[in-house]
Amino acid sequence: MKGKKTDLGGENCGIARALDVIGDWWSLLIVREAFAGRQRFNEFQKSLGAAKNILSARLKKLVEHGILKIEPGEGARPSHRYVLTPKGEQLGVVLIALWQWGERACFAPGELRSTMVDNEAGQPVAKLEIMSQDGRAIGPRGFHLARMDMQSATEE
C-alpha cells in the first residue's frame with residue numbers, strides 16, 4: 001500500500017526504533033537547524049524551504065518523541081520556540097557521524113567547502129571512531145551484537 005509507513009517502534013533493534021522516530025530526512029535537517037540556533041517555525045521554514053504542512057508535521061512528531069520541546073516565545077511577536085531537549089542533544093553525535101561520512105563519500109575532490117571546527121581549539125573536529133571499553137579504536141566490523149540480560153539492561 002503506497003504511503004503507508006511500517007511501525008518500527010516495537011522492533012528489538014536500536015536502528016529500527018531510531019528510524020521510527022527520525023525516519024525521514026526532514027526530521028534530521030530540522031534537528032541540524034536546531035543545533036545551528038533556529039528555534040521558530042518561520043526560521044526553520046526559511047532555512048529548509050520545506051512546505052509548511054510537512055514542517056508542521058515533523059516538528060509535531062519531534063516534540064511528541066521528546067527531541068524538541070516547545071517554550072514560550074519572547075519579544076514583540078511572541079511565537080513559541082522549538083528547543084532541543086537533552087534527548088535531542090544526543091542526536092548531535094548522529095549528525096556528526098552522518099556529516100563526516102558525507103564528507104568522505106559524497107563530495108568530489110575539491111568540492112567540499114566547509115568542515116566542522118572545534119570552537120575552543122579552532123582545529124578541525126577529529127573523525128568519530130568506535131571505541132572499545134578499554135580505549136582501543138575498533139572498526140565497524142570489530143564488534144557484534146549480544147543479548148543483554150534484563151538485570152544489566154535496567155542498570156544502564
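These values consider heavy atoms only, across backbone and side chains, with no hydrogens, waters or symmetry-generated copies.
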*Let me see the working for Lys46 and Glu33 under salt bridge (Lys or Arg N to Asp or Glu O under 4.0 Å), right down to the final yes or no.*
CA-CA 11 Å; Lys46 183 178 178 184; Glu33 294 302 306; over 6 Å; no

*List the steps and the verdict of side-chain hydrogen bond (donor to acceptor under 3.5 Å, both in side chains) for Ser27 and Asp24.*
CA-CA 6 Å; Ser27 295; Asp24 64 88; 3.2 Å; yes

*Start with the C-alpha gap between Met131 and Ile138, add the side-chain angles, then the distance that decides, and say whether side-chain contact (heavy atoms from CB on, under 4.5 Å) holds.*
CA-CA 6 Å; Met131 306 296 283; Ile138 55 177; over 6 Å; no

*Might you work through the side-chain contact (heavy atoms from CB on, under 4.5 Å) test for Phe44 and Arg38, ending with a clear yes or no?*
CA-CA 6 Å; Phe44 289 113; Arg38 314 275 191 284; 3.8 Å; yes

_As a quick check of understanding, evaluate side-chain contact (heavy atoms from CB on, under 4.5 Å) for Glu71 and His80, giving each step before the final call._
CA-CA 6 Å; Glu71 291 186 349; His80 58 268; over 6 Å; no

*asked:* Show, in sequence, the C-alpha distance, side-chain angles and deciding distance for Leu68 and Thr85, and conclude whether the side-chain contact (heavy atoms from CB on, under 4.5 Å) test is met.
replied: CA-CA 5 Å; Leu68 296 171; Thr85 64; 5.6 Å; no

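No side-chain heavy atom of Trp26 sits under 4.5 Å from any side-chain heavy atom of Leu55. When side chains are defined from C-beta on, Lys69 does not count as touching Leu84, because their heavy atoms never get closer than 4.5 Å. Residues Trp99 and Ser114 form a side-chain contact, since some pair of their non-hydrogen atoms from C-beta on lies under 4.5 Å apart. Put simply, the side chain of Ser56 reaches to within 4.5 Å of the side chain of Phe41, judged on heavy atoms. Two residues are said to be in side-chain contact when any heavy atoms from C-beta on lie closer than 4.5 Å; Gln123 and Val117 fail this criterion. In this structure the side chain of Ile70 never reaches within 4.5 angstrom of the side chain of Arg81, judged on heavy atoms.
Taking CG of Leu48 as the reference point, atom CZ of Arg58 lies at 11.5 Å (rounded to 0.5 Å). Within the model, atoms CG of Leu91 and CD1 of Ile30 stand 12.0 Å from one another, a figure rounded to the nearest 0.5 Å. Atom-to-atom distance recorded for Leu59:CG and Glu64:CD is 11.0 Å, nearest 0.5 angstrom. With values rounded to the nearest 0.5 angstrom, Tyr82 atom OH is found 10.5 Å from Lys60 atom NZ. If you take CG on Leu29 and OG on Ser47, they are separated by 9.0 Å, rounding to the nearest 0.5 Å.
Between the Glu111 side chain and the Ala108 main chain, a donor and an acceptor come within less than 3.5 Å of each other. Checking side-chain atoms of Gln100 against main-chain N and O of Ala126 turns up a donor-acceptor pair under 3.5 Å. A donor-acceptor contact shorter than 3.5 Å is absent between the side chain of Asn119 and the backbone of Ala121.
With hydrophobic clusters built from ILVMFWY side chains whose heavy atoms lie under 4.5 angstrom apart, Leu112 does not share a cluster with Trp101. Hydrophobic clustering, with ILVMFWY side chains joined whenever heavy atoms are under 4.5 angstrom apart, keeps Val83 apart from Leu62. Two different hydrophobic clusters hold Leu95 and Phe107 under the rule that ILVMFWY side chains link at heavy-atom gaps under 4.5 Å. Side-chain heavy atoms closer than 4.5 Å link hydrophobic residues (I, L, V, M, F, W, Y) into clusters, and following such links, possibly through other members, connects Val93 to Trp25. A chain of hydrophobic side-chain contacts below 4.5 Å, direct or via other Ile, Leu, Val, Met, Phe, Trp or Tyr residues, connects Ile67 to Ile54.
Heavy atoms of other residues, nucleotides or ligands lying less than 6.0 angstrom from CZ of Arg104 number more than 12.
The shortest heavy-atom contact between Glu129 and Ala137 is OE2-CB, 3.5 Å.
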